[in-house]
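See below for the structure under consideration.
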Amino acid sequence: MKKLILVALLLSTISIFAQKNKFIWGVASASYQVEGAYKADGKGESNWDVYTNTYEITKKTFTKTNQTGNVSVNQYDRKQYLKDFALMKKLGVTHYRFSLSWARMLPDGVGKINQKGVAHYQQFIDDLLSFSIEPCITLYHWDLPQKLQVKGGWNNPKSVDWYVEYSNLVFKSFGKKVKYYITFNEPNIDLFLITTAVNNVLAGKNAFATTTQDFANQAPASYNLCVANALATNNYHLLKLGGQIGITLNLIPTIPKDANNPKDVAAAELQDGIHNRWFLDPALKGTFPADVLEHYKKSNVNIAAFEPTVKNLPYWKSDFIGVNFYSPAYVTYDDNFPNSINWQTNNPDTIPMFNGVVKPAYLYKLLMRLKNDYNNPSILITENGAGFGDRDEKFINGVVNDSLRTDYVKRHISAALQAKKDGARLEGYFLWSILDNFEWIFGYDRRFGIVYVDFETQKRTPKKSFYEYQKIIKTPISLIK
Ligand code: GCO
């Protein structure tokens, strides 16, 4: 009997990988963070080109030096990206998730098409496929054409039409060659954290001095983006290209720091609504969460337009939900923070990771929550990875022994596969990131790559985590208990 049970257990474990080549093993990146070539071949300016060059946001506030994505890790250059694809091949990944620069293809955001920009990505995709690596395209990873930014960006209700025009061009240009499309990357972080920080700097204020009102002012922008997501998703489905489309959210499970303090418990619940459910619910249920609507009403946001429209979008549903997971957050009630919620400065870890506490068990819980609360959607982990700063990035005898990142990756993949075994419909995992790159408001000071980049010479050196991930892709079963 014991033997039989053992055999059954082994078979069920093996069966989660049995459909050969079905599980996606990937790496992820984003255009502004890796491409460089910020003026090449007729590209228009993006908001990030302007933040980093004209307003010198990074120089003034966020980093020690004046850092931009003008060159970055040079992935626009064909000679360079072919070498990067060869590294990916060596790693053994089946998919590469990258984003498109909207301003390369539509320099003004709408209207005239820049054929050279479109041709670049067509070549890039063909080259990637020639390595037998499948593309997974993010349409929008935060770099908005500046011509649209000056018209109010996502706060302008016309942004819905702009995005629909752009997404139609993407579907028409890359169609069937690409099987996975992601409409938006992390709108929650983009709109509520980064944009408010940048607006503060432009207004001469401290970047992080965000108030509840600043925060609430972004709610209409997030509404526009939700509608744009629904329309693009529907348009893609109508084209019947045989692939899948979804949205990627940064999901941060919230933990009340003091579980016996009702104020912390309520703050954790509200933060879950504001950060997680505000985008999850529309994408998977077609409604905005009532508690957050109520909260915004109190913050004088005009939400009259929100609810009825959302309910009238029956074609809202994404084919999969993209999950970017780095960490959960300990939450405290604190009037000095927007929405009276402090979720960012409560990391008790003795070796702090850039993006929060290291708690792989919460990735497991999150995947099971999606299964149970959202009718078991198809899930792609579209980002997971870590940076711990200089201590983990040192060259010793020509090798970067990033043991903290290596350990992080191993434990998180193990937690994810456990959830898959327990019934979550997890279809793939993308590690962030293949290369060290431009980490937004932190510039090049924060490395996330499993390949070290010397930013002066563009030399690439795989780190210890690269070889660990390579091993996991070959024998993932070894990680399942
Ligand atoms: C994000 C983005 C990535 C980041 C990564 C590391 O989550 O902020 O999707 O662009 O670089 O998450 O912080």
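Quantities reported herein were computed from a predicted structural model and do not represent experimental measurements. Atoms within a ligand are numbered from 1 in the order they appear, just like the ligands themselves. Each residue takes its place number in the sequence, starting with 1.
Under 4.0 angstrom from ligand 1, there are no non-hydrogen atoms of F354. No part of N437 comes within 4.0 Å of ligand 1, judged by heavy-atom distances. Proximity of R446 to ligand 1, defined as any heavy-atom pair under 4.0 Å, is not found for any part of the residue.
Aromatic ring pairs are classed by plane angle as parallel below 30°, tilted from 30° to 60° and perpendicular above 60°; the pair Y223 and F288 is tilted. Ring geometry for Y32 versus W48: interplanar angle of 30 to 60°, hence tilted.
Across the listed options E383, Q33, R97, E383 owns the non-hydrogen atom lying nearest to atom 9 (O) of ligand 1. When F448, F325, Y326 are ranked by how near their heavy atoms come to atom 5 (C) of ligand 1, first place goes to Y326.
Near W432, the atoms of ligand 1 lying under 4.0 angstrom from a non-hydrogen atom of the residue are 3 (C), 4 (C), 5 (C), 6 (C), 10 (O), 11 (O). Distances below 4.0 Å separate heavy atoms of N185 from the following atoms of ligand 1: 2 (C), 9 (O). Close approach to E439 involves these atoms of ligand 1, each under 4.0 Å from a residue heavy atom: 4 (C), 6 (C), 11 (O), 13 (O). Residue-ligand proximity, W142 to ligand 1, at heavy-atom distances under 4.0 Å covers atoms 1 (C), 8 (O).
At least one N/O-N/O distance between E186 and ligand 1 falls below 3.5 Å. Considering backbone and side-chain atoms together, N355 places an N or O closer than 3.5 Å to an N or O of ligand 1.
A side chain to side chain donor-acceptor pair (under 3.5 Å) with D407 is found for one member of K410, R405, R411 and no other, namely R411.
Inspection of the R447 and Y452 side chains reveals an N or O donor paired with an N or O acceptor under 3.5 Å.
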Q: Please step through ring-ring contact (aromatic ring centres under 6.0 Å, His included) for the pair Y181 and F171, ending with a clear verdict.
A: CA-CA 9 Å; Y181 289 96; F171 303 145; 5.3 Å; yes
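The aromatic ring centres of Y51 and W440 sit 6.0 Å or more apart. Checked against the 6.0 Å centroid criterion, the rings of F98 and F124 qualify as a close aromatic pair.
Classification of E45 and K39 as a salt-bridged pair fails, no side-chain N sitting under 4.0 Å from a carboxylate O.
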